[in-house]
Each structure stands twice: as structure tokens, then as C-alpha cells.
Amino acid sequence: MTISRRSACVVDSPTVSDLVRCERRGPVVVLTLNRPDALNALDAVTLEALRDAAQEAAADPDHRALVLTGEGRAFAAGADIEHMRKLDASAGRAFSQLGHAALDALEAIPFPTIAAVNGYALGGGCELACACDWIYASTRARFGQPEVGLGLIPGFGGTSRLARRVGLAWVKELVLSGEPIGADEAQRIGLVNRVFEPDELLEKAVATAESIARKGPVAVALAKRVLQDGQDVDVRVAHQLEQNAFGWLFGTDDRVEGLDAFLAKRDPKFGGR
Ligand code: COA
């Protein structure tokens, strides 16, 4: 089989690439990791395909939300162990940098992203889910950072993004014990927003994405940006960011349309300007 590292997403036409499948559902793009025989383990080629898919999805002005899921019984069972077996220290660092580049590309998508975790989300798979704005999980999902059991540590954001999601005590337990948790516990600790039956998961995630797509796109994008940027700065600076963004939106057509539509008791027709 020829391995293509590219993903492809053709408007209104489900298209299959070898490693990351991309499907348009109106304004929603669904990316599916597609290495089910290896439980969607993340090797360098898959990470490059994921990075490219995220960048392509971000560049399409018609996209309003993204859902990321996995083919088969895993979301992603982590960084590819066979691939990592061959790496020396310098190549290991480069592999971590590639993982970060792919997850940074996903995090940088200007519209909301939802991880629909259908099964194992271990190691890099758990870190990948954390690069999305939030996580919906199937009752079959399992989350964990098992790297210490392999003589490694998380390399794609498990010590940083995951810590910000669940707090220091829980990330320490997950990373230092290496023991996985189920979907209900992941929801209890704030890693997962909602848990669904396996056959409902993807449709629920897409329905949420479609609902977001009906809101004011400029406002949604700016809210995401302010929320993210506000995490990394002093709270007073975060308040300033919010004030500036709030004020800026008053100059948009969408703001006029949204308020007019409410007062006229009709649905808004946002133009995204
Ligand atoms: N890297 C490479 N291959 C992986 C993988 C990974 N992270 N996780 C699973 N696979 C492969 C297995 O080698 C196996 O391949 P094979 O059929 O050619 O032997 C296939 O996926 C199915 O996995 P298997 O272990 O047989 O399934 P299972 O149901 O018995 O166990 C897991 C599932 C997820 C518990 C187990 O695969 C596992 O522990 N994976 C590693 C998780 C991990 O440590 N991730 C962090 C890496 S840093």
C-alpha cells in the first residue's frame, strides 16, 4: 500500500486519505484518524497528515466547527511505540516537536473543535484530545498517560495542556501512576464534558458543531481566541482582552444582525462580517 501523508477534504464530497480522513458535513468538518489496525497510533507520518489536515481545515473560510474522532475501537492509543523504538535522544526530541506542531495546528484552528473519543485515548491520544476545545466521550473510552510504564514521559503536551484541563493533582496521578481511567471518571475530573453511548457519540458531537455553526461566526471565533489567550496572561490583562474584543464586535454587521433579529423575533442570518 502506498502511504500518503496528506489528508484531503473536498467540499461536499467525502474524501478518504490514507491516514486522516476528512469529511465535510455542511459547515462542519469531521476528521477521522484512520490507522485502525494500529489503534490509530501516532507515528511521524500520521502526525504530519494530522498537522496538514488541521491547517487545511483552518484555512477554509466556510468551516465553522470541527469534530475529531478515530476509526475502529480507538481514538488513538498513543505515540507509535514501534516508531519510537528506533529513535535516539535527538530524534526523540524532534518527534516530540513534531507532535507539538501537529497539536498546535489543531489548537490554532480559529473555530471550535470537539474531540469525539470513541475508545482508547492513551498517551499521545489523550494529549491529542486535549488539543481540541473540549471532549465528548463514548462510554467505552479510556484515558491515560501510560508513558512511565515504557520508561518515557508524555511528549505531546501531557504535562502542560492536560494539567490545565484537570489541575495539578489529577495530572500528577495520571502521569506518575500511568494508570488509565474510564469515561465516567474522566467526566468527573473535568477532562470530558459529556459521555454518550458509542453509537450516539459522533452524531451528538456533529449536532453540537452544527448548532455552533448557526451562531455568529465572528463572535464564536473571537470568544475562542479571548478564552485561549486569557489563560496565558494575568487576569487583569484577560479582562482587558475581553473588553477590547467586546467593543470591537460592536463594529461588525453580525452584531447588528444578531440584535435586530432578536428584537424582530426572527432567526438571525449571519454573514460572518
Ligand atoms: N503504538 C504502536 N502500535 C500500537 C500502539 C501504539 N501506541 N497501541 C496499540 N498498537 C498496536 C498493537 O501493537 C497491535 O498491533 P498488532 O495487531 O500488529 O500486534 C494493535 O495495535 C492492537 O493492539 P493490542 O495491544 O493487540 O490491543 P489490545 O486490545 O490487547 O490492547 C491497548 C489495547 C490500547 C491497551 C494496548 O494496545 C496498549 O497498551 N497500547 C499502548 C498504549 C500506550 O502505552 N500508549 C502510549 C505510548 S507513549
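As the structure lists them, so they are numbered: ligands from 1, and atoms in each ligand from 1. Heavy atoms only: backbone and side chains are in, while hydrogens, waters and symmetry mates are out.
When non-hydrogen atoms are compared, ligand 1 lies under 4.0 Å from the backbone of A77 as well as from its side chain. Counting heavy atoms closer than 4.0 Å to ligand 1, residue R73 contributes side-chain atoms (C-beta onward) but none from N, CA, C or O.
Protein heavy atom in closest approach to atom 38 (C) of ligand 1: L122 CD1, 4.8 Å. What sits closest to atom 23 (O) of ligand 1 on the protein, heavy atoms only, is L39 CD1, 3.6 Å. Nearest protein heavy-atom neighbour of atom 31 (O) of ligand 1: Y120 OH, 4.3 Å. At the shortest separation from atom 15 (O) of ligand 1 among protein heavy atoms lies D37 O, 4.1 Å. Looking only at protein heavy atoms, the nearest one to atom 1 (N) of ligand 1 is I81 N, 2.9 Å. Taking atom 46 (C) of ligand 1 as the reference point, the nearest protein heavy-atom neighbour is P146 CG, 3.8 Å. Summary of contacts: the protein heavy atom closest to atom 10 (N) of ligand 1 is A38 O, 3.7 Å. With respect to atom 6 (C) of ligand 1, the closest heavy atom belonging to the protein is A41 CB, 3.6 Å.
In this structure, atom 33 (C) of ligand 1 has protein heavy atoms in its sub-4.0 angstrom surroundings. Protein heavy atoms are absent from the space less than 4.0 angstrom from atom 13 (O) of ligand 1. Closer than 4.0 Å to atom 18 (O) of ligand 1 lies none of the heavy atoms of the protein. Shown here, atom 48 (S) of ligand 1 is in close reach of the protein: a heavy atom of it lies under 4.0 Å off. For atom 26 (O) of ligand 1, no protein non-hydrogen atom is found at a distance below 4.0 Å. Within the 4.0 angstrom cut-off, atom 36 (C) of ligand 1 has no protein heavy-atom neighbours.
In this structure, the side-chain contact (heavy atoms from CB on, under 4.5 Å) partners of D253, at least two apart in sequence or on a different chain, are R273. Evaluation of the ring-ring contact (aromatic ring centres under 6.0 Å, His included) rule for F262 yields no partner, not counting sequence neighbours.
Heavy-atom contacts of D80 reach the following atoms of ligand 1: 1 (N), 2 (C) (cutoff under 4.0 Å). Heavy-atom proximity to E147, at under 4.0 Å, picks out these atoms of ligand 1: 48 (S). Each of the atoms 48 (S) of ligand 1 lies under 4.0 Å from some heavy atom of M84. With ligand atoms numbered from 1 in the order given, ligand 1 contributes 44 (O), 47 (C), 48 (S) to contacts under 4.0 Å with heavy atoms of L150.
The closest donor-acceptor contact from the side chain of N34 to the backbone of R21 lies at 3.5 Å or more, if one exists at all. Side chain of T208 to main chain of K204: a donor-acceptor pair is present (N/O by atom type, distance under 3.5 Å, no hydrogens or angles). Between the side chain of R35 and the backbone N or O of A41 there is at least one donor-acceptor pair closer than 3.5 Å.
F270 and V218 are assigned to two separate hydrophobic clusters, defined by single-linkage of ILVMFWY side chains at heavy-atom distances under 4.5 Å.
Under the 4.5 Å side-chain criterion, counting only non-hydrogen atoms from C-beta, P198 is in contact with T139. Considering only heavy atoms from C-beta on, K224 comes within 4.5 Å of T113 through its side chain. Side-chain contact between D60 and F111 is absent, with no heavy atoms from C-beta onward closer than 4.5 Å.
Remark: of the listed residues H100, E107, E127, E107 is the sole one forming a side-chain hydrogen bond (donor to acceptor under 3.5 Å, both in side chains) with R161. Here the options are L174, V175, L168, the test is side chain to side chain contact (heavy atoms under 4.5 Å, CB included), and the partner is K172; only L168 passes.
If you take CG on L249 and CG on D254, they are separated by 8.5 Å, rounding to the nearest 0.5 Å.
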